[in-house]
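Below is one structure, written out as structure tokens, with a few remarks after it.
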Amino acid sequence: MAELDKNYNPETAEKKWYEFWLSSGMFTADPDDTAAPFTIVIPPPNVTGTLHMGHALNATLQDILIRWKKMSGCNVLWIPGMDHAGIATQNVVERQLAAEGVDRHTIGRERFIERVWTWKAEYGGRIINQLKRLGASCDWSRERFTLDEGLSNAVREVFVSLYEQGLIYRDNRLINWCPRCRTALSDIEVEHEDVEGKLTYIRYPFSDGSGHLTVATTRPETMLGDTAVAVNPNDERYSHAIGKTVSLPLTGRMIPVIADPSVDPAFGTGAVKVTPSHDFNDEATAKRQSPALPFITVIAPDGKMTADAGRKFAGMDRYECRRMVIRDLQDAGLVEKQEKHGHAISQCYRCKTVIEPLPALQWYVKVGPLAEQAVKAVRDGKTNFVPRSWENTYFAWMENIKDWCISRQIWWGHRIPAWYCDCGEVMVARREPEQCPKCGNINLRQEEDVLDTWFSSALWPFSTLGWPERTRELQKYYPTSVLVTGFDIIFFWVARMMMMGIKFMGDVPFNDVYIHALVRDASGQKMSKSKGNVIDPLVMMDKYGTDAFRFTLTAFAAQGRDVKFSEERVEGYRHFVNKLWNAARFILANTEGKMLPAVPDLQSLDVGSRWIVSRLSATAEDVRKALEEYRFNDAAGSMYHFIWHELCDWYIEMVKPVLYGDSADKAAVQECLVYLLERSLRLLHPFMPYVTEEIWQNMPHEGNSIVRAPFPADIPRDGAAEDQMEVLMETVTAIRTIRGELNLSPTLELRALVKTHSDHARGILSENMLFLKKLARADILKIGGDLEKPGGSSVAVRSHVEVFVPLEGLLDVDLEIERIRKEMAKLEETSEFLGSKLRNQEFLGRAPQQIVAKEREKFDDCMKKIERVRENLQKMLDLKGGGS
RNA sequence: AGGCUCGUAGCUCAGGGGGAGAGCGCUACCUUGACACGGUAGAGGUCGGCGGUUCGAAACCGCCCGGGCCUACCA
């Protein structure tokens, strides 16, 4: 058994043990293992991504669960992998091409895709190694990629199957178009941001010369595509205008004034311009009319004006056009006014470019029937959100869900398995059709578009397990146990996995969904590159060690609250790692040669040892319960308190005299220490995998890795020992308090007399003189029930004991009197409060009996203390009177 | 506009019907043979405000104030 170094070196330990875990197959799951399965699929990070705080928290929590369940005997599987991130990845490679002076169109689709794969091989997936650095115990032999062959098969199977069932269709309607990414987006890929804009009031003259109508708009350039002006049918101000036509300025087109119930008479002028091609409301209005209003598209996919916008504006950027339109209208005297106006603009979630609604032919998933089942599964409790309140978010979206636009006009992704024939036939098939079934043509064109990346991630919980093959993995590990993720992708991902899982597996994809916090900076700001407040997890791991970093995240991962992260806190938890390390060093240095006992022989042990084993038992149980309920911070806090404030502060200190001496129970105490350390390491291992393995390997243990050691359970509790220890701790603290409050040096050896209030207390204290002396740094002169307070002593009154510290000459009588009076005041306040309660008939009559009994007991205890303190105060006053 | 969430010690936050807890910070004293990344003791809070329910509210309910977030087509 090697001695531990003076300092823990995270860098070498982390490298050594992670490699060991990998090479010995610790993380590889065996579907034939008959133990109860526990499965997690990792939220696949983007292939373009690098580890940020959110990933670090997410992976840490999953790793804790996986390691804990493994130690608890489960057949665990944690599937890792990455997402091909269509738009993001394509953007990256397109930038690369741009630097070379070409674009994807010049090199063509095939060569472009090759370039992306080359890029992936070279730069993609750095995050995987970063996750390993974090200690993630994923089964890397099962790592998947959303564009790999198996997952692509799954995607194609799902697409074709949904199409055959009429749940995928193609339609021409307005879509959210990003002019920069040049692709359609789904509704949820659009972000809304409030901006201070302008509302422009424009006059549209009636074609019959009878004046004008004024409309208000935030997007004047779209007027070029107006095909009507709408007013509310019940708006009497405009009833005369309905059915008339107005002359659309700058174009001279005649457009009708129509009635539509969607118009809010209270907004603006109560008359609204209708641009069916560039506004979702207007599209709806246009389709409601009979006959439907025409669509005139004035903005092209590149964000520039079309020929239909008129010769003057064609080819102009949409914003430049806006300025030009306003100027021209002003020149024509048609701008009534412009006023400030707060409204929300839509932007692309990838590049923040303002979205342009455009009409286009796209593929859709009809989600209604799928969503219904997905809602039901949560309502029925088949899947539980933790914290539960996230159900509301899920339901709110699911119940108002619109069809999902899944086609994207990019190249990097799953190409839609649809083929077109010149005869107009559309074929959707698992394999490329050889000829058109209708006309026999063999020159078929495959759909150019690819699928939304989220389409493939929606299948992740079963596609990664081998679906559509019926694999053993699928049988064993589906449904997965829990999904751990952030709230920001409940719509994007969680909801869609629910729909697809239920549809294709006939069962929910996970039993629990644990929604964790967002990691923010110390002042609560969201971390972002533009704000410059990003903290790099890798830097934290380099500086403080992975275990300290993980423990920090865990300790702050309280449910329902964001993690405000600051470096100081990591430093604080590095101290905890150091504390553990040093405790281990001490134990191993003082138990040389002692083997690990199965269970310490408690009967033969002192009260302190029985107490600490009992505390370990309680802590293990706390941690288990906390993890069952995903209260990670509680688990962390519980262990921190046990290790630092019970094991180190009390137990190790109190057994030092035994270890340094040669008493009969020395061997038993040594065994107990080895046991405590070993079990504590196991308890901590899921949270701090590296330092625990490092210590464990250097001490007596069974097995080849702590990864496979059982999680502590069935440790004996000993209530009697906990009660007895309370008397000891109370007495020690009383003496220390006197020392502290009288400002006596810690090195000064005090003498103390302990007056006990029961035989019980007297017995315990007498048996543990050695501990008392050591912990209180005092010579215990006497212990007894009928001691007299020696003159010139300082006193502390406690529940079980009264402590006298004789301080002839040293005692500052005035200071002591002040101390006692302060104590008296506190006690009197308490007794007053409790007394008035116990005099209150309503309290006595209505409060539960056990509460009343408890309050009475507290009151009696308080009164006894007051009595004793009063006596002591009187003696002190006498002493002062006599002395002066 | 709707919905959610938070407001507790200087800071960060637990807790949750029976007179307030932790970590860090702060103060005093201490190189006691694991650890100064340490030890001991201490100071510090009318639990955002106002009402209500209750024998009893920091906790439950309502309103208000103040942060944060999400959803939404008000042109």
Side-chain angles (χ1 to χ4, degrees), chain A residues 4 6-8 188 192 199 215-219 222 230 262-264 266-269 271-275 279-285 341 343-344 346 357 387 389-390 392-393 396-397 400 487-488 490-491 518 520 522 524 526 544 548 555-556 558 560-566 568-569 571-590 631 633-634 637 640-641 644-645 648-649 652-653 656 660 733 736-748 774-775 777 829-830 833-834 837 840-848 850-852 854-855 858:
Chain A
L4 295 182
K6 179 137 172 55
N7 292 304
Y8 170 60
I188 54 176
H192 302 276
L199 196 57
V215 299
T217 180
T218 54
R219 300 200 56 197
T222 63
S262 71
V263 180
D264 174 5
F267 186 88
T269 61
V272 57
K273 59 192 269 321
V274 181
T275 322
D279 184 286
F280 289 99
N281 279 325
D282 295 357
E283 179 194 32
T285 303
H341 178 62
H343 66 287
S346 311
S389 54
W390 289 109
N392 298 330
T393 306
W397 188 63
N400 296 298
F487 66 84
D488 48 333
I490 291 178
F491 304 151
L518 211 69
R520 299 170 176 278
K526 211 166 165 173
Y544 303 103
F556 283 92
R561 195 185 278 264
D562 289 340
V563 175
K564 286 189 196 171
F565 189 93
S566 84
E568 275 175 18
R569 301 195 183 120
E571 202 178 339
Y573 284 106
R574 184 183 58 177
H575 297 174
F576 179 54
V577 174
N578 180 254
K579 189 76 180 174
L580 176 70
W581 181 260
N582 278 292
R585 243 166 36 100
F586 174 81
I587 291 173
L588 297 179
N590 288 283
R631 290 180 288 110
N633 59 318
D634 287 339
Y640 184 98
H641 182 259
W644 203 308
H645 298 301
C648 293
D649 287 352
I652 288 183
E653 291 307 322
K656 276 178 179 173
Y660 298 150
T733 305
R736 285 172 175 175
T737 300
I738 289 173
R739 182 194 296 278
E741 292 194 341
L742 296 183
N743 248 331
L744 301 170
S745 162
T747 47
L748 181 68
K774 162 72 185 162
L775 292 174
R777 262 195 167 279
E829 201 182 320
T830 309
F833 167 70
L834 292 169
K837 213 168 179 178
N840 183 343
Q841 287 307 315
E842 296 209 88
F843 171 70
L844 297 174
R846 294 184 192 245
Q850 64 190 56
I851 294 291
V852 177
K854 214 167 107 190
E855 298 293 289
K858 272 155 67 179

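A note on names: the letters A, B, ... follow the listed sequences, proteins ahead of strands, and every chain is numbered from 1. This is a predicted model, so every value here is computed, not measured.
- Nearest nucleotide to the A:Thr217 side chain, out of B:A41, B:U5, B:A75: B:A75.
- Remark: B:G51 base-pairs with B:C61; criterion is Watson-Crick or G-U wobble with both hydrogen-bond distances under 3.5 Å.
- The distance from atom CZ of A:Arg777 to atom C1' of B:A41 is 15 Å, rounded to the nearest whole Å.
- Each of B:A41, B:C55, B:A75 was ranked by its minimum atom distance to the side chain of A:Glu741; first place goes to B:A41.
- If you check B:C69, B:C30, B:C35 against the side chain of A:Asn582, the one that comes closest is B:C35.
- Here A:Thr747 contributes atom OG1 and A:Arg777 contributes atom CZ; the two are 7.0 Å apart, rounded to the nearest 0.5 Å.
- In terms of phosphate contacts, A:Lys656 brings no side-chain nitrogen or oxygen within less than 4.0 Å of OP1 or OP2 of B:G39.
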### Task
Could you go through the side chain to side chain contact (heavy atoms under 4.5 Å, CB included) check for A:Lys564 and A:Phe556 one step at a time?
CA-CA 8 Å; A:Lys564 286 189 196 171; A:Phe556 283 92; over 6 Å; no
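- As judged by a 4.0 angstrom heavy-atom cut-off over every strand, A:Phe267 is placed among the base-contacting residues.
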#### Entry: Residues A:Tyr573, A:Tyr640; criterion ring-ring contact (aromatic ring centres under 6.0 Å, His included); working and verdict
CA-CA 9 Å; A:Tyr573 284 106; A:Tyr640 184 98; 5.8 Å; yes
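- A:Phe491 comes within 4.0 angstrom of sugar-phosphate atoms only, judged by non-hydrogen atoms across all strands, and of no base.
- Counting any heavy atom pair closer than 4.0 Å across all strands shown, A:Arg569 reaches sugar-phosphate atoms only and no base atom.
- In this model, the phosphate group of B:G19 is approached by a side-chain N or O of A:Lys858 to a distance below 4.0 Å at OP1 or OP2.
- Residue A:Tyr573 is classed as having no contact, given no heavy-atom separation below 4.0 Å to the nucleic acid.
- Dashed line: the shortest gap from a side-chain N or O of A:Lys564 to OP1 or OP2 of B:C13 is under 4.0 Å.
- With B:A41, B:G18, B:G38 as the choices, the nucleotide that has an atom nearest any side-chain atom of A:His575 turns out to be B:G38.
- Counting non-hydrogen atoms under 4.0 angstrom, A:Asp264 reaches a base of the nucleic acid.
- Going from atom CZ of A:Arg739 over to atom P of B:U40 covers 12 Å, rounded to whole Å.
- Nucleotides B:G15 and B:A9 place their C1' atoms 15 Å apart, quoted to the nearest Å.
- Within the 4.0 Å cut-off from OP1 or OP2 of B:A34, not a single side-chain nitrogen or oxygen of A:Arg585 is found.
- Regarding A:Asp649, its CG atom lies at a distance of 15 Å from the P atom of B:A34, rounded to whole Å.
- Inspection of the A:Lys273 and A:Thr222 side chains reveals an N or O donor paired with an N or O acceptor under 3.5 Å.
- The CD atom of A:Glu653 sits 9 Å away from the C1' atom of B:A34 (whole-angstrom rounding).
- At least one side-chain nitrogen or oxygen of A:Trp644 sits closer than 4.0 Å to the OP1 or OP2 atom of B:G39.
- B:C4 sits 23 Å from B:U12 when the C1' atoms are compared, rounded to a whole Å.
- Of the P atoms belonging to B:G48 and B:C11, the separation is 14 Å, rounded to the nearest Å.
- As rounded to the nearest Å, B:C24 and B:G62 have P atoms that lie 38 Å from one another.
- Using a 4.0 Å cut-off, no side-chain N or O of A:His192 falls inside it from OP1 or OP2 of B:U71.
- Here B:U27 sits opposite B:A41 as a Watson-Crick or G-U wobble pair (both hydrogen-bonding atom distances under 3.5 Å).
- Rounded to whole angstrom, the span from the CZ atom of A:Phe556 across to the P atom of B:C24 amounts to 10 Å.
- The side chain of A:Ala558 lies closest to B:A14, out of B:A14, B:G18, B:C69.
- For A:Thr737, the listed nucleotide lying nearest its side chain is B:A41; candidates were B:C74, B:C35, B:A41.
- To the nearest whole angstrom, the two P atoms, one in B:A22 and one in B:C65, are 35 Å apart.
- Whole-Å rounding puts the A:Asn633 CG to B:C24 P distance at 16 Å.
- For the C1' atoms, the distance linking B:A20 with B:U46 amounts to 12 Å, nearest Å.
- Closest to the A:Asn392 side chain, of the nucleotides B:C55, B:C4, B:C29, is B:C4.
- Under 3.5 Å, the side chain of A:Lys579 and the base of B:C35 form at least one donor-acceptor pair of N or O atoms.
- Note that A:Lys858 lies outside the cation-pi zone of A:Phe833, set by a 6.0 Å cut-off to the ring centre and a 45° limit from the axis.
- The side chain of A:Phe487 approaches B:C69 more closely than any other nucleotide in the set B:C55, B:C30, B:C69.
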### Task
Quick one: do A:Phe843 and A:Ile851 satisfy side chain to side chain contact (heavy atoms under 4.5 Å, CB included)? Show the steps, please.
CA-CA 10 Å; A:Phe843 171 70; A:Ile851 294 291; 4.1 Å; yes
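- Nucleic acid contact for A:Ala396: none, since no nucleic acid atom lies under 4.0 Å from a heavy atom of the residue.
- Per the geometry, NZ belonging to A:Lys837 stands 15 Å off P belonging to B:G17, to the nearest Å.
- In this structure, A:Gln850 atom CD and B:G56 atom P are separated by 19 Å, rounded to whole Å.
- Within the structure, a side-chain polar atom (N or O) of A:His341 is placed less than 4.0 Å from OP1 or OP2 of B:A75.
- Within the 4.0 Å cut-off from OP1 or OP2 of B:C24, at least one side-chain nitrogen or oxygen of A:Tyr640 is found.
- Comparing A:Arg520 and A:Cys648 by the nucleotide of RNA chain B that holds the closest heavy atom to each, the one mapping nearer the 5' end is A:Cys648.
- Between A:Lys273 and A:Ile188, the residue whose closest nucleotide on RNA chain B is further toward the 5' end is A:Ile188.
- For the residue pair A:Leu199 and A:Ala216, the shortest heavy atom distance occurs at CG-CB, 3.9 Å.
- At a threshold of 4.0 angstrom between heavy atoms, the contacts of A:Asp282 with the nucleic acid are absent.
- Comparing the P positions of B:A28 and B:C13 gives a spacing of 29 Å, expressed to the nearest Å.
- Between the C1' atoms of B:G3 and B:A75, the separation comes to 24 Å (whole Å).
- Side-chain atoms of A:Arg631 never come within 3.5 Å of backbone atoms of A:Ala558 as a donor-acceptor pair (strictly under, hydrogens ignored).
- For A:Ile652, the listed nucleotide lying nearest its side chain is B:A34; candidates were B:A34, B:A75, B:G68.
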### Task
Would you sort out whether A:Glu571 and A:His575 count as a side chain to side chain contact (heavy atoms under 4.5 Å, CB included), showing the intermediate values?
CA-CA 7 Å; A:Glu571 202 178 339; A:His575 297 174; 4.3 Å; yes
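- For the pair A:His645 and B:G23, the criterion of a side-chain N or O lying under 4.0 Å from OP1 or OP2 is met.
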